[in-house]
Amino acid sequence: VLAGAGSGKTSVIIAKTGYLIQSGLAEPHEILILAYGRKASKETNERINAKLPQIEGVKTSTFHKLGLDIIGAATGKKPRVSKLQEDASEFDALINRIISKVTQKNPAYNQRIIDYFINHLIPQKNEFNYTEQGDYFSALKEKDVRSLKSRVTWAEKRSGNTSLKQELLKSFEEVVVADFLFVNGIEYQYEAPYKFDTATADKTQYQPDFYLPEYDIYLEHFGIDRNGKTAPFVSELDYQAGIEWKRNLHKEHQTTLVETYSYEMQEGTLTDLLYTKLENQGVQFSPISFKNLLKLLHKIGDEKKATELTKLISNFLDLFKQSGYSFETIHEKANQHDEKTRCHAFLDIFEPILTEYNAELNRTNSVDFSDMIRKATDLIQSGKYKPHFKYILVDEFQDISVIRADLVKALVDQGDDTVLTCVGDDWQSIYRFSGSDIAYTGKFEQHFGHTEEILLDKTFRYNDQINTFSKNFITNNPAQLQKDITAHKTISGNGVTLVGYYQDKGEAINKCLDQIQDIHSDPATVYILGRYGFAKPDNLKSFTLQYPQYNIIFDTVHGSKGKEADFVIVIDVNDAQYGFPSKIHDDPLLGLVLPSEEPYEYAEERRLFYVALTRAKNHSFV
């Protein structure tokens, strides 16, 4: 059942349940209704009790609870749900404990994780991809690329312990070199003057990129590819002449020069080769432990960087287990990835963590959410659990993920002539970041077999003007399924108003509320919707005092899904990093375990905007 926003998706499920029972097609216990969260499942149950008070025994469940019930019924032992699933901070703490344990046992793994931290934690911006130097420097500034040593000295300066100036490195690659030296206990000076005087009337004193005072070694990082080409915004002729001049200068004064190159970074060999080059010059390495690196980052107030890797691993682990992929599949995907070297470097540190995490679940005799669904699916497919449902109804089907779809398919395939009814709206699919795959709605028949498609094409929530605007907007993406949604209510004016403002968001919201007051002075609910939780206006309380007749509520757009209000004000629709559409991208590594990205630009952000607009019954302000 392909539905529009406000067309009564859950009502259809409840009505069908009543029809199946009253017509004698099914007994209550032969019907299974699946919802995503506990709250949605509870609401469905309450609505069944209210609409069908004479009916008892219909099973309404979340996917996770169903998985637990199936495991319990098939094995005689219902497993314990890991408390890690309920507490994100405890989950992150476990990942940190696992990393510490593995790094202490295995020095090679410690080096591997340190190398990842230095080389790959921040996705590199390749200067060869920039035509303008200013754009490259903006990318550097946006990522706040400073060396670890720089951050340490800066923290000490702030505490009054030192007056050292902060290093301002000129490329992502130089930061990698600087941090490699720092974490390996090698003292260096950045752009220290060369020990021989080279200043002339035309040239200032030569300052090599790095100087290692304990070994009297100079290190230059040259921004060239394998063919000697430079970034588009750099004069190749002048740069090559500069390289030759530096090489000849070191020969003339018999000083030691170690060279590194941009192409080494691009090929993923920069720090490995640098290790060998320095080792050949007699340099001694004293690598920091990962545990001490984290302590250092906390000490200098760089907790965000300290937790970034942990968060990435936690997120990747969760999505990996949801994806249903094998490790072989992930490695194959990594081979095709634009950031192949970074992907494999991450997988090398991730695999032992996954092993230890699964061992921890076994040790505590518990399962995580993904295990619940996967194990239940295996029990059904192997015949150890025989489904007894004649009818399975799934609400909000557009949010289905791979392992949930596999569970539904197993229930249908192993049941006796089981009929599957799914209600969803691909225009409101907004959870790819947590594993939902819109392809199951768009290609339903390919996944589930012979299908009858029914359109739920009348909205009872909003008027024809909001409908026309939102429908035109969302169908700009040709991949969205075509639905001719009509509105039950018609009005003569506009349904959507664009409100321009420069800096004062509060004033803009006041303008919206004034306009609402002009057209609707009676009590009403007003949603202020932001792309992020931190977009909540500081003066929200003053709005409620200023307009006491309105129930003014702030929510994120994701949080507003399934809800409705008389009026909606969508804020921060700006061309900014945290605007709408959001310019914040998931780490590219997560692409290995997430459903395929859609080719249409901002496809999911467009659906999110559609959700925001269609929460309103009367009018949306943007």
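- Shown are Asp395, Leu393, Val408; of these, the side-chain contact (heavy atoms from CB on, under 4.5 Å) with Leu34 is made only by Val408.
- The nearest pair of heavy atoms linking Ala524 to Asp566 is CA-OD2, 3.3 Å.
- Annotation for Lys39: atom NZ does not count as buried by contact number, only 12 or fewer foreign heavy atoms lying within 6.0 Å.
- A ring-centre distance under 6.0 Å is not found for Phe320 and Tyr325.
- Legend: residues meeting side chain to side chain contact (heavy atoms under 4.5 Å, CB included) with Thr355, ordered by chain and number and at least two apart, are absent.
- Geometrically, Arg615 does not engage Tyr527 in a cation-pi contact defined by less than 6.0 Å to the ring centre and at most 45° from the axis.
- The pair Lys561-Glu396 meets the salt-bridge criterion, with a side-chain N (NZ, NE, NH1 or NH2) lying under 4.0 Å from an Asp/Glu carboxylate O.
- Taking 4.5 Å as the limit, every side-chain heavy atom of Lys9 sits out of range of all side-chain heavy atoms of Ile13.
- Taking a cutoff of 4.0 Å between a charged side-chain nitrogen and a carboxylate oxygen, Lys505 and Asp572 qualify as a salt bridge.
- Under the 4.0 Å criterion applied to side-chain N and carboxylate O atoms, Lys78 and Asp69 are assigned as salt-bridge partners.
- Residue Phe460 qualifies as enclosed at atom CZ: its count of foreign heavy atoms under 6.0 Å is above 12.
- Evaluation of the side chain to side chain donor-acceptor pair (under 3.5 Å) test over residues 469-496, restricted to residues two or more places apart or in two chains, returns Asp425-Lys483, Asp426-Gln480, Asp426-Lys483, Lys471-Asp484, Gln480-Arg607.
- A salt bridge between Glu43 and Arg47 is absent, with no side-chain N of the basic residue lying under 4.0 Å from a carboxylate O of the acidic one.
- You'll find the ring centres of Phe316 and Phe346 inside the 6.0 Å limit.
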Next on the checklist: With side chain to side chain donor-acceptor pair (under 3.5 Å) as the criterion, how do Asp514 and Tyr547 come out once you've worked through the C-alpha distance, each side chain's angles and the decisive distance to 0.1 Å?
Outcome noted: CA-CA 9 Å; Asp514 285 343; Tyr547 304 92; 2.7 Å; yes

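- Looking only at distances, no side-chain donor or acceptor of Glu339 sits under 3.5 Å from a matching main-chain atom of Leu589.
- Taking a cutoff of 4.0 Å between a charged side-chain nitrogen and a carboxylate oxygen, Lys384 and Asp378 do not qualify as a salt bridge.
- Between Asp587 and Arg342 there is a salt bridge, since at least one side-chain N of the basic residue sits less than 4.0 Å from a carboxylate O of the acidic one.
- Under the 30°/60° scheme for interplanar angles, the aromatic rings of Phe473 and Phe609 are found to stand perpendicular.
- Nearest heavy-atom pair across Ile466 and Gly495 is CG1-O, 3.4 Å.
- Glu452 CD: 12 or fewer foreign heavy atoms inside a 6.0 Å radius.
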Checklist entry - Does the pair Asp575 and Lys583 meet the rule for a salt bridge (Lys or Arg N to Asp or Glu O under 4.0 Å), with working shown? => result CA-CA 8 Å; Asp575 184 25; Lys583 305 289 176 62; 2.2 Å; yes

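- Side-chain contact check for Thr44 and Ser41: no donor-acceptor pair (N or O, by modelled atom type) lies under 3.5 Å.
- The shortest non-hydrogen separation linking Arg404 to Ile400 is CB-CD1, 3.8 Å.
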Checklist entry - Is there a side chain to side chain donor-acceptor pair (under 3.5 Å) between Asp555 and Ser560 once you walk through the steps? => result CA-CA 6 Å; Asp555 206 345; Ser560 74; 5.6 Å; no

Checklist entry - Passes side chain to side chain donor-acceptor pair (under 3.5 Å), Asn45 versus Thr60? Steps please. => result CA-CA 6 Å; Asn45 213 23; Thr60 61; 3.3 Å; yes

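- For Tyr550 and Phe567, the ring centers sit 6.0 Å or farther from each other.
- The pair Glu604-Arg432 fails the salt-bridge criterion, with no side-chain N (NZ, NE, NH1 or NH2) lying under 4.0 Å from an Asp/Glu carboxylate O.
- Judged purely by distance below 3.5 Å, without hydrogens or angles, the side chains of Asp416 and His388 never pair a donor atom with an acceptor atom.
- The distance from the CD1 atom of Ile70 to the CD1 atom of Ile380 is 4.0 Å, given to the nearest 0.5 Å.
- Ring orientation note: the planes of Trp427 and Tyr610 are nearly perpendicular, at an angle over 60° on the 30°/60° scale.
- The two atoms that bring Phe621 and Cys512 nearest to each other are CB-SG, 3.7 Å, heavy atoms only.
- By the 30° and 60° cut-offs, the orientation of the rings of Phe444 relative to Phe397 is perpendicular.
- Taking the six-membered ring for Trp and the full ring otherwise, the centers of Phe350 and Tyr357 sit at least 6.0 Å from each other.
- The 12-atom threshold is not exceeded at CG of Asn365, counting heavy atoms of other residues, nucleotides or ligands nearer than 6.0 Å.
- Using cut-offs of 30° and 60° on the angle between ring planes, the pair Phe534 and Tyr532 is parallel.
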